[in-house]
Amino acid sequence: MSNSTVRAIVTDIEGTTTDINFVHKVLFPYAHAKLPDFLLANADTPAVAEQIDAVRSEMDAPNAPLEAVIDQLLHWIETDQKVTPLKALQGMVWADGYQRGDFKGHLYSDVAPALRQWKDLGKALYVYSSGSVQAQKLLFGYSDAGDLTPLFSGYFDTHIGHKREAAAYHRIVTELDLPPAAVLFLSDVVEELDAAKQAGMQTLQLVREGTQAGNTHACVTRFDEIAL
Ligand SMILES: CSCCC(=O)C(=O)COP(=O)(O)O
Ligand SMILES: [Mg+2]
């Protein structure tokens, strides 16, 4: 057992567990290529129709034709907008790609061993990403280190709030039923860490290749540098 004050760890994905290039050069282009046909084929499926209506609401255009919805979604992908219905639809499209073996979820080589070690120490592990919960489970379920989903106790996406807003982290610690100071949040993005710290959580910045270190949070370059 560990004596650390950390009882739970919440990790970001892109830039923290996973190379930004995998998200931007594999996942986003795949969604961009497949989303139009996926929507044309599945627009009447209830789960898809619900997201199409949510896109229309975001556009403030309740009668927008499907073609306009598709154009809007493609624009959001091109500009990396973290819009909740886009993220839900991306997850549905990626499911096909993972299941067909078109790609595996990228994890830095230090991630899986550290997650297993922390789990063995009795820490509860969670994910918080702008990607939908379905997309998170797919990435860790079909990862290049195998199926890591049994290690996780839960997943949070933008339904809990946006990652740069302290309110989202307040809601997460409430759901975890832990004091905020017992929860460690890992991310590459300083604004996300600032929001988590404002909510009382412990924070660590992951400075992977290409990430700029800030000066307001402790930094590590790999998960195996994190002592709990
Ligand atoms: C869950 S895999 C896809 C990641 C994604 O869609 C994304 O927008 C990355 O967001 P993050 O909050 O992990 O930086
Ligand atoms: Mg990130």
Side-chain angles (χ1 to χ4, degrees), residues 9-35 51 58 73-99 102-108 111 115 125-145 147-149 151-152 154-165 168-169 171-172 184-197 201 203-214 217 219-223:
I9 299 158
V10 179
T11 185
D12 165 56
I13 293 180
E14 180 189 307
T16 298
T17 61
T18 299
D19 193 337
I20 291 173
N21 285 323
F22 171 69
V23 176
H24 286 259
K25 296 193 175 162
V26 177
L27 290 182
F28 288 177
Y30 189 90
H32 197 280
K34 304 278 184 182
L35 202 53
Q51 299 308 327
E58 292 279 349
L73 286 162
L74 295 181
H75 173 70
W76 284 340
I77 294 174
E78 287 154 16
T79 52
D80 189 13
Q81 307 273 327
K82 312 293 190 189
V83 186
T84 303
L86 164 67
K87 293 289 151 188
L89 291 165
Q90 281 179 323
M92 295 178 200
V93 170
W94 292 331
D96 236 21
Y98 283 111
Q99 283 155 11
D102 290 345
F103 44 77
K104 285 181 188 288
H106 174 266
L107 294 179
Y108 287 109
V111 169
L115 292 174
L125 305 179
Y126 296 87
V127 180
Y128 180 29
S129 168
S130 305
S132 68
V133 167
Q134 179 187 21
Q136 298 171 26
K137 288 179 176 172
L138 286 164
L139 191 145
F140 284 103
Y142 291 88
S143 90
D144 45 23
D147 178 6
L148 300 189
T149 55
L151 297 176
F152 291 100
Y155 303 82
F156 299 99
D157 61 19
T158 51
H159 286 98
I160 199 98
H162 285 276
K163 293 179 76 186
R164 298 180 184 207
E165 293 170 4
Y169 300 86
R171 291 186 200 108
I172 288 174
L184 172 64
F185 178 58
L186 307 175
S187 176
D188 58 319
V189 175
V190 169
E191 290 84 353
E192 296 173 6
L193 295 163
D194 287 345
K197 195 176 227 175
M201 289 165 75
T203 55
L204 262 183
Q205 185 184 17
L206 266 293
V207 185
R208 301 288 189 180
E209 202 183 325
T211 305
Q212 193 68 35
H217 303 272
C219 294
V220 291
T221 60
R222 300 167 50 90
F223 274 20

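Below, all heavy atoms of this structure are taken into account, side chains as well, without hydrogens, waters or symmetry copies. Just so you know, ligand 1 is whichever comes first in the structure, and atom 1 is the first atom listed for that ligand. Please read these numbers as outputs of a predicted model, since none were measured by experiment.
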Check: Heavy atom of Phe28 under 4.0 Å from ligand 1?
Finding: yes
Which of the numbered atoms in ligand 1 are under 4.0 angstrom from any heavy atom belonging to [X]?
X: Lys82; value: 7 (C), 8 (O), 9 (C), 10 (O)
X: Ser130; value: 8 (O), 10 (O), 11 (P), 12 (O)
X: Asp12; value: 11 (P), 12 (O), 13 (O), 14 (O)

What is the closest protein heavy atom to [atom], and at what distance does it sit?
atom: atom 5 (C) of ligand 1; result: Lys87 NZ, 3.7 Å
atom: atom 2 (S) of ligand 1; result: Leu139 CD1, 3.7 Å
atom: atom 3 (C) of ligand 1; result: Trp94 CZ3, 3.7 Å
atom: atom 1 (C) of ligand 1; result: Ile13 CD1, 3.6 Å
atom: atom 9 (C) of ligand 1; result: Glu14 OE1, 3.1 Å
atom: atom 13 (O) of ligand 1; result: Ser129 OG, 2.8 Å

Next item on the list: Please check if any side-chain donor atom of Ser132 sits under 3.5 Å from a side-chain acceptor atom of Gln134, or the reverse.
Entry: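 The answer is no; no qualifying pair exists.
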Check: Would Thr16 and Thr11 count as having a side-chain donor-acceptor pair, cut-off 3.5 Å?
Finding: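 No pair is found: no donor N or O on one side chain lies under 3.5 Å from an acceptor on the other.
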Item checked: With Glu14, the side chain to side chain contact (heavy atoms under 4.5 Å, CB included) member among Asp19, Val23, Val189 ->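 The single option meeting the side chain to side chain contact (heavy atoms under 4.5 Å, CB included) with Glu14 is Val23.
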Checklist line | Parallel, tilted or perpendicular: rings of Phe152 and Tyr155 (30°, 60°) | finding: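 Geometry flag for Phe152 against Tyr155: tilted rings.
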Check: In terms of ring plane angle, is the pair Phe156 and Tyr128 parallel, tilted or perpendicular, where the classes change at 30° and 60°?
Finding: perpendicular
Check: With a cut-off of 2.8 Å, does any N, O or S atom of Asp188 fall short of it relative to the Mg ion (ligand 2)?
Finding: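 Of the N, O and S atoms in Asp188, at least one lies under 2.8 Å from the Mg ion (ligand 2), which means yes.
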Note to self: Looking at every non-hydrogen atom in both residues, tell me the closest pair between Asp188 and Thr211 and how far apart they are.
What the structure shows: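 Looks like O-CG2, 3.7 Å.
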Notebook entry, point to check: Minimum heavy-atom separation for His217 to Thr203, with atom names?
Noted result: ND1-OG1, 2.8 Å
Checklist line | From the candidates Lys163, Gln134, Glu192, His24, the one that places a heavy atom nearest atom 12 (O) of ligand 1 | finding: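 That would be Lys163.
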Next item on the list: Give, for atom NE2 of His75 and atom NE2 of His32, the distance between the pair rounded to the nearest 0.5 Å.
Entry: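 It is 10.5 Å, given to the nearest 0.5 Å.
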Check: Are Phe22 and His24 an aromatic pair by the rule of ring centers under 6.0 Å?
Finding: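 Here the rings of His24 and Phe22 have centres that are no less than 6.0 Å from each other.
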Item checked: N/O/S atom name from Asp12 that is nearest to the position of the Mg ion (ligand 2) -> OD2
Check: Closest N/O/S atom of Glu14 to the Mg ion (ligand 2), by atom name?
Finding: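 For Glu14, the N, O or S atom at the smallest distance from the Mg ion (ligand 2) is O.
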